[in-house]
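Keep in mind it's a predicted model, so treat the numbers as computed, not measured. Every chain is numbered from 1, with letters handed out A, B, ... down the list of sequences. FYI, side chains are in, hydrogens and waters are out, and symmetry mates aren't considered; it's all heavy atoms of this structure.
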Amino acid sequence: MSAVGARPTAARFENAAGAGHLQAEAERVAEYAIDGAAPKFVVRPENAEQTEEIVRIALEEKLGVVACGGRTATGLGMPPASYGVALDMTRVTGIASYDPGDLTVSVNAGMPLAELERVLAEKRQFLPLAVPFFEKATVGGAIAAGLDSPLRQFYGTPRDYMIGAEFVDGTGQRAKSGGRVVKNVTGYDFHKLLNGSLGTLAVITRLNFRTYPVAESRKGFVASFKDETSGLRFTRAVSGSVLTPIVMELLSPECAGLLFEKYAPFASLWPGKQEWTVCTGFEGSEEVCKRYQRELARQARDAAAENAVVLHDEQFAALLELLREAPVTMRDAARQAVVMRFTTLKSQMGDLIRAVRSFAGSSWMKTAALARSGSVLYAVLQPKEGDETALKQVEYFWKSAGSLRGKLEFQGSILFCPTEWKRTLNVWEHVEIDEEMERKVKKAFDPSGIFARGRFAGGM
Amino acid sequence: MNRGVIAELERIAGTRNVLARAEDLVLYEYDGSVEKARPEVVVFPTSTAEVAAIVKLAIKHDVAIVGRGAGTGLSGGALARGGGIMIAFGRMNRILEIDYENRRAVVQPGVVNFDLTRAVEHAGFYFAPDPSSQKSCTIGGNVSENSGGPHTLAYGVTSSHVTGLELVLPNGDVRRVGGRLSDAAGYDLCGLLVGSEGTLALVTEIVAKLSKKPEAIKTLLAIFETVDDATETVAELTARAITPAACEMMDGWTLCAIEDYVHAGFPRDCGAVLLIEIEGIAEAVAGQAAAIDEVCRLHHARDVRTAKDDKERELLWKGRKTAFGALGRLAPSNYVLDAVIPRSKLPQALRRVVEMGRECGLQVGNIFHAGDGNLHPLVLFDPRKPEEFREAVRVSEEIVRYCVSIGGVLTGEHGVGMEKAELMTLMFSEADFALMRRVHGEFNPTGLLNPGKVFPMGKGCGETRVRTSPMHAVAPA
């Protein structure tokens, strides 16, 4: 597009963000396209004050705003109804405050996760936010995207370790919630709402977390089983025991193939194409780790494991990376891959896995599945290359999943699929929300609907 | 209160479930705080449908509503500041479902916190939030205030242990947010509503997480000659990233009061003790105990004792959890504060709190959740002496202001309620309040629910509608 007609607006944005931090040229804004649609402007503020000013200008100019960081997860959700401004937050970066003695950190939203990890590692601390696209993602983007970490098995989700946030709301005001202490019930917990909201409520400018000490040792135990029932029996036995592992993932044979085949050191962990693999992680002193090894080996035997191996620290770190990036690996498994995320009850995970595989099988689509912490299931559909009926097959699958309602308690959404398929598929179809209640929140945070409208569940 | 409203309440909930006589209502004008406000009628519903009907009645007659659990709160959150109808949930006290496989329990709001643990402990589970009042406070109250307790150091406050809620909205509609699944679908409304202090909705059902009992528990009692040594120990434990399940501090004066009351086995001749609990698998507990022992002795601990059995452990915890009751015997009234500071600043903060107590001339005890920096100075006073009450409130406010000034917050587990509403301006800007008001306005547009809480009356109360009532009374004269 030509930026000529929009020059006064462009000048306002440039004035707010500083020279050189506004882009309106077609080839530059195209880099920020979401689901094929490019914004009119890309603005790169340096701090929260500039962010606030830019949101105010966008409000006055009636331009929809989508905030972004590493732009790794902008394809999540439905396409935004209005995308006038890409608010690139990568200049709002750096640690705002970090006192290792308090085990808390306050970090600006645009700071890359990998950079934060390095800063914390210097003090032998970490944040359990091991999410996909880790090397490129920013802290603010990771929270807005709400993607999973394999470490949730022990450390929970950001709901458990995010202790405060600063943000610009939809009226163009800087606001905050929480604080920088580990225990705080002062005021409404707005930061919990921001987690996974896909930028539809506010532009996150700063986040506060509690941090955790790096354990003396962190190891893994990988066991394979003849079917998902045996694998799940093992995970249930471990969960029911006195052990508290930090990672617990069940991989279908196809998923194990996707993850391990490409990574030579793990090829030996994938002995056959028919086996299900359970990856368990644990940490602590050498004595603690030895106890885990003994107990896990015994429980694996009891669950009729075909094979089992203990991973030392470096091997486990590599495995954790593979598991962390699993949804991305699934997406890259086929040109038209569809990656879905389900949540269900531990008691119903087996039924959900079997249903997903059965639906995929009846459409002759390859699939792979990863069950995380017993309650989250990632599954990918891999339609055949060049198959003209691929969308119809996926659509049939996605409708079929609805037939599980009433039999299973679950929520399901599509994380990744070909952009053009979103005209047919509602990625939020199996997410049941109370739209009236959600709309109250959206209206309070973003009365004009300026932030990524239409992207979130319920058209929010 | 209009006699017709009372008659309608009796029709909804039954005559035996409505109190309207002045001598009955006086019992409900208190909670655990120093605040005071009397409802005009108290009703005890036994079902969600009754709660919804009561809300619709309140709308019809334009009367305020406040929810109440056991009334053990310490911030005035469950007091009828706007008069009107108090909905007491004590008779909605059934555990509806226990699902061990998925580690969930569905309970009504009036279930007593510890009763849930008692119901599941035979199967190796418990409900993690453990306020000192856990044997009397309700889970509905815990949800409303986002309550904590000693063991929230390791396991988090109530919001980390609730996945779903059934609600009655201020328009009388019954809704559900969240459920048994671990993750919220859509916006995390459950995360917003837990800790909203009854200002957005009334909670009529709770899906609570059940936690697995650890294999081993070790309780250590570290005895110090000075408060400084104890606080330096806590700061160093945190700096070394040693996180026990609980780390409580009690000063020497408090310990004597506890010993007089329950004979828990605390020393009478020391400056302070730390009551530290470690949980996990046996190997982890042994390792942590050794590390903690080392840090305590480095900071001149006179002795580090380990509870030799469950009986001794329970006695030590009984001493800790009845401490406020023990101190209550020493003066006609007391004011329990709740503020949080960054843990690295614990030594300097405690020194300042002790100094402020000395300056004001009132006895101030310190018994608190040291591990997460959650201070609970307790000021003794005689409410019959107005100057003592005023001084107690003044020094309390000064302590809270000081905590916020060093990077802390107003409340770690008791909530804002009436007590700290005016102090909210210490932490929040006009823009913060504007957003809070918009959220409040969306959920509770007419201000029907729990008026006069959380928001400062002097700031924005025009928009956050605060009802008044002829019955309204605040604080001892």
Side-chain angles (χ1 to χ4, degrees), chain A residues 99-104 124-125 156-157 159-160 169 171 173-176 179-190 192-193 195-197 201 213 242-244 284-285 287-288 291 343-347 375-376 409-411 431-434 437-438 440-441 443-445 447 456-458, chain B residues 101-102 145-146 148 152 156-157 159-160 175-177 179-183 185-189 191-192 195-196 214-215 235 238-239 241 280-281 283-284 287 340-344 369 372-374 407-413 415-416 424 427-428 431-432 434-436 438-439 441-443 454:
Chain A
D99 186 344
D102 274 323
L103 291 171
T104 59
R124 289 197 56 77
Q125 293 181 8
T157 62
R159 194 183 208 241
D160 302 303
D169 69 22
T171 66
Q173 299 268 342
R174 275 179 291 144
K176 64 179 175 300
R180 295 210 312 258
V181 292
V182 294
K183 194 176 184 187
N184 180 10
V185 299
T186 318
Y188 297 143
D189 274 357
F190 291 145
K192 292 195 170 88
L193 291 170
N195 184 35
S197 63
L201 295 181
V242 295
L243 304 182
T244 51
S285 64
E287 291 74 29
V288 169
R291 167 88 186 273
T343 53
T344 190
L345 297 171
K346 284 187 167 69
S347 60
S375 58
V376 178
E409 205 168 314
F410 75 100
Q411 303 278 350
V431 169
E432 282 195 349
I433 58 165
D434 185 324
M437 296 267 283
E438 303 262 320
K440 287 178 193 291
V441 172
K443 196 172 159 201
F445 270 77
F456 199 56
Chain B
E101 193 172 2
N102 295 303
E145 301 302 311
N146 202 3
T152 53
V157 288
S159 64
S160 290
R175 296 298 175 89
R176 281 184 181 276
V177 297
R180 291 193 296 169
L181 302 183
S182 309
D183 291 11
Y187 301 134
D188 184 3
L189 292 172
L192 170 70
S196 60
E215 176 185 50
T238 312
I281 63 168
E283 290 81 351
V340 186
I341 49 148
R343 295 175 283 187
S344 56
H369 312 307
D372 41 28
N374 188 185
V409 298
L410 295 179
T411 166
E413 56 183 10
V416 175
M424 286 283 276
M427 279 182 62
F428 295 105
D432 300 332
L435 178 58
M436 287 187 227
R438 289 201 303 276
V439 170
E442 284 294 324
F443 280 85
V454 180

Quick one: ring-ring contact (aromatic ring centres under 6.0 Å, His included) partners of B/Phe443, sequence neighbours excluded?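 So B/Phe443 forms no ring-ring contact (aromatic ring centres under 6.0 Å, His included) with any residue.
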Between [options], which has the largest tally of heavy atom pairs under 4.5 Å with chain A?
options: B/Gly195, B/Ser160, B/Ser344; value: B/Ser344
options: B/Gly287, B/Ser159, B/Gly415; value: B/Ser159
options: B/Thr152, B/Thr238, B/Val416; value: B/Thr238

Salt-bridge criterion met for [X] and [Y] (N-O under 4.0 Å):
X: B/Glu101; Y: A/Lys346; value: no
X: B/Asp188; Y: A/Arg159; value: yes
X: A/Arg291; Y: B/Glu215; value: yes

Give, as side chain, backbone, both or neither, the part of [X] having an atom under 4.5 angstrom from any heavy atom of chain B.
X: A/Ser375; result: side chain
X: A/Asp169; result: side chain
X: A/Arg174; result: backbone
X: A/Phe190; result: side chain
X: A/Val288; result: both
X: A/Glu432; result: backbone

Heavy atoms of other groups near A/Arg180 CZ, more than 12 under 6.0 Å: no
Given 3.5 Å as the limit, does a donor-acceptor pair link the side chain of A/Lys192 with the main chain of B/Leu189, or not? no
Could you tell me which portion of B/Pro342 (side chain, backbone, both or neither) has an atom closer than 4.5 angstrom to a non-hydrogen atom of chain A?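 Contact with chain A: backbone and side chain both.
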Measure across [X] and [Y] and return the closest heavy-atom pair with its distance rounded to 0.1 Å.
X: B/Ala431; Y: A/Gln173; result: CB-OE1, 3.3 Å
X: B/Val177; Y: A/Met437; result: CG1-CE, 3.4 Å
X: B/Ser196; Y: A/Tyr188; result: CB-CE2, 3.8 Å
X: A/Leu103; Y: B/Arg343; result: CB-NH2, 3.4 Å
X: B/Val340; Y: A/Lys183; result: CG2-O, 3.2 Å

Pair count under 4.5 Å, heavy atoms only, with chain B: among A/Thr157, A/Leu345, A/Asp189, A/Val182, highest is A/Leu345
Which residues pass the salt bridge (Lys or Arg N to Asp or Glu O under 4.0 Å) test with A/Asp99, not counting sequence neighbours?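 Checked A/Asp99 against salt bridge (Lys or Arg N to Asp or Glu O under 4.0 Å); zero matches.
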Would you check, one step at a time, whether the test side-chain contact (heavy atoms from CB on, under 4.5 Å) holds for B/Arg176 with A/Asp434? CA-CA 8 Å; B/Arg176 281 184 181 276; A/Asp434 185 324; over 6 Å; no
For the atom pair CD (A/Glu287) and CD (B/Glu283), what is the distance rounded to the nearest 0.5 Å?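 Rounded to the nearest 0.5 Å, the CD-CD separation comes to 8.0 Å.
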Stepwise side-chain contact (heavy atoms from CB on, under 4.5 Å) check, B/Tyr187 with A/Asn195: CA-CA 8 Å; B/Tyr187 301 134; A/Asn195 184 35; over 6 Å; no
Please check if any side-chain donor atom of A/Thr343 sits under 3.5 Å from a side-chain acceptor atom of B/Asp183, or the reverse. no
